[in-house]
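Here's the structure, in structure tokens; my notes come after.
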Amino acid sequence: MLFCIKKNWEMSVNSNLVEDQYIAAYKDMLLIRRFEEKCSQLYGMGEIAGFCHLYIGQEAIIAAVKLAKKENDCMITSYRDHGHIIAAGTEPKYVLAELTGKSTGCSAGKGGSMHMFDVKNKFYGGHGVVGAQVPIGTGLAFAEKYRNSGYISYTFLGDGAVNQGQVYESFNMAALWKLPVLYIIENNEYSMGTSVCRSTSMTELYKKGESFGIKGKRVNGMKLDEIYEAISDASNYVRLNNQPFILEMKTYRYRGHSMSDPAKYRTKEEVDDYKNHNDPINYVKDILVSKFCVSDEELKAIEKDIKFTIQEAVNFCESSPVPDESELKTQIYVGLN
Amino acid sequence: MRSLTVREALREAMREEMSKDDSIFIIGEEVAQYQGAYKVTQGLLEEFGEKRVIDSPITEHGFTGFAIGAAFSGLRPIVEFMTFNFSLQAMDQIINSAAKTHYMSGGQVTCPIVFRGPNGAASRVGAQHSQNFAAWFSHIPGLKVVAPYSSEDACGLLRSAILDPNPVIFLENELLYGASFEVSDVIEPLEIGKAKIVRNGKDVTITAFSIQVKLALEAAEILAKIGIEVEIIDLRTIKPLDCETIINSVKKTNRLVTVEEGWFFAGIGVSIAGIIMKEAFDYLDAPIEFVTGKDIPLPYASNLEKLALPSCEEIVIAVKKACYKN
């Protein structure tokens, strides 16, 4: 019998997650992290171009949503979308092919980093204008209610989007028309280089729906189980009551806003503190080891599988053609090419 | 044949299509209980219920994005702007979300949506409520832009716009809502992208759309009296533009006058001129003439407003100039 060392970490909630769920989430988070580390490397090599916003540090949020959501619920986010589309079910190779501008990309090489789509998996983008996805996500919720489908809309936004007017127009409509939309504010502290306290007069972002009668909750966005419980509860509330809800995830991005951002608006110590003491992947890893006695070998096997998946994605991109020039003028209009 | 106002024709198109497809809904300010700011949607709430005829708050940016989301998800929204002037609030959603997402998603996402409402100058409502957006929207790949004149076209083209799998900007005109036209007993959907020759002539071609067609027809009557036979093309669709009909007409008449209420610079007329320069330059016997709105915000005072907008007299003068007749 294996001897488990009970680590003295704090469980912020009584988690209902079972071992398989922790492992699934761990795999998802690690896949997204390793995927984006590869993106960073390929960006440096010039294989990926343009704007490229990495999600590294925030992975627990989307991994928890994946655990909590129903298969046919819809999701929409802004431009920091690589993790979201992978969590929606798109194979990483199609995401990487999009990033490298190949015809096999999930958006046929026409979208790029900020415009990932997978409608089959009900992932509606990938939107480049801060806040613009919020009314669209609210409309997705309306359509689900219109069809009486029982599915809900997970609409993600950053702390920067919270200062866009259309977000409040959306809150108003969602509350007024009782729409099944869960707004998830991923508060990573900085809207590009401007901290929340420098951009937002009232910094408790989960309260931003109060004047519309929308309830909200702040969650430690670095702890998978805490996020999962909050999202599960909020999803049930949204689904059963046809009411919007706001979750504010306090999270942190390790990298700059985009690849060209040296992040001089914050100290190295601040970043290191998150990496060393609050890393969401290490948090789950600790639980796997100390609570579920997952062995080193098993963890290494997971790493190896992920490494293989990433290498496979790179190979796929290398062997994929760029879009044919005949594709330049297709897909502008349906039925008119 | 029967007589129908443009307002009734638009309503008939919506009623016809909504009765056949539950996924069509209409949203906008005052479209339901108030029966429409211009009464275009009168009676639709009673017929289709509040699930499908939705009064929105005054929140153009929000409800435009909202309707686009519903369209992405497979519904077919008709968005009424009380006037297109307010669409400026929603421009980012129309251009960046509605028009571009099909392309950006590699063809995965479709946006079957109609944005409709009165466009252009009404009467004495000042600069912020009197702007013509035909050129603005036509500039954007991914949008179709329709601007009918008659009741038959208003109904037939709106039916097609609702059935179209693409975002369609449907530009109406407040001053035409009450105008009556003879129409077919049953108005079928009309193909978007086809212009219509509304008067045949051999001497000079006029292109016009929306209420400017009326001015062109009046001008043609005056010109006929001095022996100039004008061919008038009602563009009906601005994008995609029916270039073939214009080019063929210019090849016949060898002269062209474009008429539009919008401003000259970067306008519809200069775009048509560019096409003619490319495709029919050798057929031109005179420089192309342009009748447009003056390059100013529309003034309130009656006399100034009249001066700012295209007139029948200006069309007559432009045609004479194109025909080298003073």
Side-chain angles (χ1 to χ4, degrees), chain A residues 74 76 98 103 105-112 114-120 122 124-129 131-147 153 155 164-174 176-177 179 323 327 329-337, chain B residues 22-25 27 50-52 54-77 79 89-90 92-93 95-113 140-144 164-168 192-193 239-240:
Chain A
C74 41
I76 188 166
E98 187 60 34
S103 64
C106 56
S107 300
K110 289 176 170 174
M114 299 186 287
H115 307 301
M116 301 282 177
F117 292 87
D118 188 345
V119 172
K120 191 168 46 62
K122 295 189 80 170
Y124 290 92
H127 295 266
V129 177
Q133 79 281 10
V134 181
I136 299 174
T138 308
L140 293 173
F142 170 80
E144 296 298 354
K145 185 180 175 187
Y146 193 94
R147 287 190 289 257
S153 166
T155 298
Q164 282 279 31
Q166 59 185 321
V167 170
Y168 299 94
E169 298 188 30
S170 303
F171 286 174
N172 183 45
M173 290 186 289
L176 184 69
W177 294 329
L179 302 179
E327 289 297 318
K329 292 184 179 176
T330 63
Q331 295 156 342
I332 301 164
Y333 295 94
V334 181
L336 254 191
N337 287 324
Chain B
D22 284 348
S23 72
I24 301 167
F25 71 96
I27 183 169
E50 59 185 17
K51 181 185 174 187
R52 299 180 62 195
I54 303 167
D55 275 326
S56 76
I58 301 172
T59 190
E60 284 86 4
H61 199 179
F63 73 65
T64 299
F66 171 93
I68 290 166
F72 284 179
S73 185
L75 301 185
R76 306 183 83 91
V79 176
Q89 294 269 355
D92 173 64
Q93 287 290 358
I95 294 171
N96 273 321
S97 302
K100 295 178 184 171
T101 305
H102 183 58
Y103 191 81
M104 289 196 308
S105 66
Q108 289 182 73
V109 180
T110 58
C111 189
I113 193 168
I140 308 302
L143 297 179
K144 293 185 179 181
D164 202 286
N166 298 287
V168 180
I192 290 173
K239 196 170 190 179

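Here is the naming used below: chain letters follow the sequence lines, and residue numbers restart at 1 for every chain. Quick caveat, the model's predicted, so the values are computed rather than measured.
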Between [options], the one whose heavy-atom pairs under 4.5 Å with chain B are most numerous:
| options | result |
| --- | --- |
| A/Gln133, A/His115, A/Glu144 | A/His115 |
| A/Cys106, A/Ala108, A/Ser107 | A/Ser107 |
| A/Ala141, A/Ala132, A/Ser170 | A/Ala132 |
| A/Asp118, A/Val134, A/Leu176, A/Asn172 | A/Asp118 |

Between [X] and chain A, which part of the residue has a heavy atom less than 4.5 Å away: side chain, backbone, both or neither?
| X | value |
| --- | --- |
| B/Asp164 | neither |
| B/Gln93 | side chain |
| B/Lys100 | neither |
| B/Pro240 | side chain |
| B/Ser23 | backbone |
| B/Glu60 | backbone |
| B/Ile27 | side chain |

Side chain [X], main chain [Y], donor-acceptor under 3.5 Å:
| X | Y | result |
| --- | --- | --- |
| B/His102 | B/Val109 | yes |
| A/Gln331 | B/Tyr103 | no |
| A/Ser153 | A/Gly137 | yes |

* **Any donor-acceptor N or O pair under 3.5 Å, side chains A/Lys110, A/Thr330** =>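 Result is yes, a qualifying pair exists.
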* Asked: Do B/Lys51's NZ or CZ and the ring of A/Tyr146 fall within the cation-pi criteria of under 6.0 Å and 45°?
  ->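 Judged by the rule (NZ or CZ under 6.0 Å from the ring centre, within 45° of its axis), B/Lys51 counts as positioned above A/Tyr146.
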* Where on A/Val119 is there a heavy atom nearer than 4.5 Å to chain B: the side chain, the backbone, both, or neither? ->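 A/Val119 touches chain B through backbone and side-chain heavy atoms alike.
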* Contact class of A/Glu327 relative to chain B, heavy atoms under 4.5 angstrom -> backbone
Check whether any side-chain heavy atom of [X] lies under 4.5 Å from a side-chain heavy atom of [Y], and answer yes or no.
| X | Y | answer |
| --- | --- | --- |
| A/Arg147 | B/Leu75 | yes |
| B/Lys239 | A/Tyr333 | yes |
| B/Pro57 | B/Phe63 | no |

* B/Ile68, B/Asn96, B/Asp92: which one forms the most heavy-atom pairs within less than 4.5 Å of chain A? ->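 Heavy-atom pairs under 4.5 Å are most numerous for B/Asp92.
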* When heavy-atom pairs shorter than 4.5 Å are enumerated against chain A, which of B/Ala67, B/Ser105, B/Ala70, B/Gly107 gives the highest number? -> B/Ser105
* **B/Gln89 atom CD, neighbour heavy-atom count above 12 within 6.0 Å** =>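 At most 12 heavy atoms, drawn from other residues, nucleotides or ligands, come within 6.0 Å of this atom.
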* Asked: Where is the tightest heavy-atom contact between A/Pro323 and A/Ser103, given as atom of each residue plus distance?
  ->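 Answer, listing the atom of A/Pro323 first, then A/Ser103: CA-CB, 3.7 Å.
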